[in-house]
Amino acid sequence: MAFKGLGVLPDVVTYNALVDANCRFVGIDAAYAVVRRMQVAGIKPNVITYNSLLAGASRDFRLSLSLDIFEEMLELGISPDLWSFNTLMHCFFRLGKPDEAYRVFRDIILNDLRPDKTSFNTLLNGLCRNGYTDNALMLYRNLKRHGCELELITYNILIDGLCKAGRLKAARWILKELGDSCYIPNAITYTTVLKCCFRCRQFEEGLEVFWEMKSKGYTFDAFAYCTVAGAFAKKGRLKEANDCMEVMLDSGITPDIVSYNTLMNIYCKEGKFEAASELLNKMENEGFECDHYTHTILVDGLCKAGNLEGAQRHLQIKSSTVFSTNLAAYNSLLDGMYKAGHAKHAMKLFKLMKIKDEFTYSSMVHNLCKERKFRTASRLLLSCLKNGMNILKSAERAVIRGVRDSGFRKDARKLQTKIRMAKILRNLISTLDSGNLTWMQLIDFGMLQCKGFQNPPFLIKKNY
DNA sequence: CTAGGGTTAG
């Protein structure tokens, strides 16, 4: 090895740096190769080595690999520390497995490790992202009540989670509490609130926040610029969206994949497909991999421009590779087909689609109503609700109004009752699924840990 | 070595 020439031999710290760098910049497999090499060199990996691997697998959404790494760690006699558990918990939450994540949290306690601020921040974020905003709020309140020190990041997590769940009032409340705390909102807080305003169609308020952020001298990064440009683009204010991105590029920020996607979206909406294609080349030259946003933006843009063949061709190329499950792109194509007058083809595609979501159904229902096919529309609407999904309120209204106005007042009333029943059933099922009871236990138990009590093993045995 | 913000489809 090169080190030998210097008379210095690499030790575990050297290798750990190498493993972590490989995880971040090359890939988990390359990192694993380093681990094999260090074992050959007679150096034993330690908990830090494995934590790096775990984080790498988690970043790549490779759940089974994370579990393998964890198991391998145990087999080697390396006992996982709090960081290992935090990473694993985060991994499960990201994969939409809150119950597994909860089990990890329990393991932290069972292993006599005290959850730290990161554990609770990860927990709060994971709860929000998996539809447990109420529990997240409860946890936050309890943490506060017990005098736990909160961090700015805790507020940011909650504000974002509540906004994304559409709970604007609660988000505002937390924002107010942040104002009363010892923290000053940072750029992340501002971007979060900005995004929230745009989501709730409070466009002017969003721009006000934007100016306030500027006047307070916060440095704008790609996150802030793309949020604002994306909002402008959605509103159809393409000139302003373009200007925003120009300012960003002029300020010397190197565009990343999201910035390029934002630009691509603007070009497609402007109908500038040549510029879009040039941008695509530029991205590829700079070594960027197009992600499913890029492809969706292109497919949707082509559909809206009336180029259904182009969109279909693009999808076919991509579906042979990694994008066979790009639901958003298929939804775009479905809607585009219908709007272009190919109702039969659209229906065929709809039936072929194995995965559907509320976008799929809402778009179909809207288009069917325009065609005055209210029977089919109401059938689809009900099956959407029965599958546990939401449907756009406007789609629901269109069907009911359509049935009623075509002279079937009784049927319209019947449909309304059916919709109500389907919704009640859906909510019941989701309450059962959420298993609120375990979460309550978890939260009460978390309090004891955070308050500064020693681990009470008797309590663990009693409760679990 | 772990946690937070940005881009797509009705």
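By convention in this document, chain letters (A, B, ...) are assigned in the order of the sequence lines, proteins followed by strands, and residues within each chain are numbered from 1.
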Just N and O in the side chain of [X]: are any of them under 4.0 Å from OP1 or OP2 of [N]?
| X | N | result |
| --- | --- | --- |
| A/K269 | B/dA9 | yes |
| A/K304 | B/dT8 | no |
| A/H292 | B/dA9 | no |

What is the nucleic acid contact for [X], judged by heavy atoms within less than 4.0 Å: base, sugar-phosphate only, or nothing?
| X | answer |
| --- | --- |
| A/R129 | sugar-phosphate |
| A/S332 | sugar-phosphate |
| A/A55 | sugar-phosphate |
| A/I297 | sugar-phosphate |
| A/S52 | sugar-phosphate |
| A/D116 | nothing |
| A/D81 | nothing |

### Task
For residues A/Y218 and A/F210, establish whether the separation of their ring centroids is below 6.0 Å.
no

### Message
Check for me whether the distance between the ring centres of A/F85 and A/F70 falls short of 6.0 Å.
### Response
yes

### Query
B/dG4 C1' sits how many Å from A/I153 CD1, rounded?
4 Å

### Task
Would you check if there is a donor-acceptor pair between the side chains of A/N265 and A/T262 at a distance under 3.5 Å?
no

### Query
Would you call A/D300 and A/K269 a salt bridge, taking side-chain N to carboxylate O under 4.0 Å as the test?
no

### Query
So does A/D221 reach the base of B/dG6 with its side chain, donor to acceptor, closer than 3.5 Å?
no

### Task
May I ask you to verify whether the side chain of A/S362 and the base of B/dG10 hold a donor-acceptor pair under 3.5 Å?
yes

### Task
Can you figure out which of B/dG5, B/dT7, B/dG10 approaches the side chain of A/T191 most closely?
B/dG5

#### Entry: Ring centroids of A/Y293 and B/dT8 base under 5.5 Å with planes under 30°
no

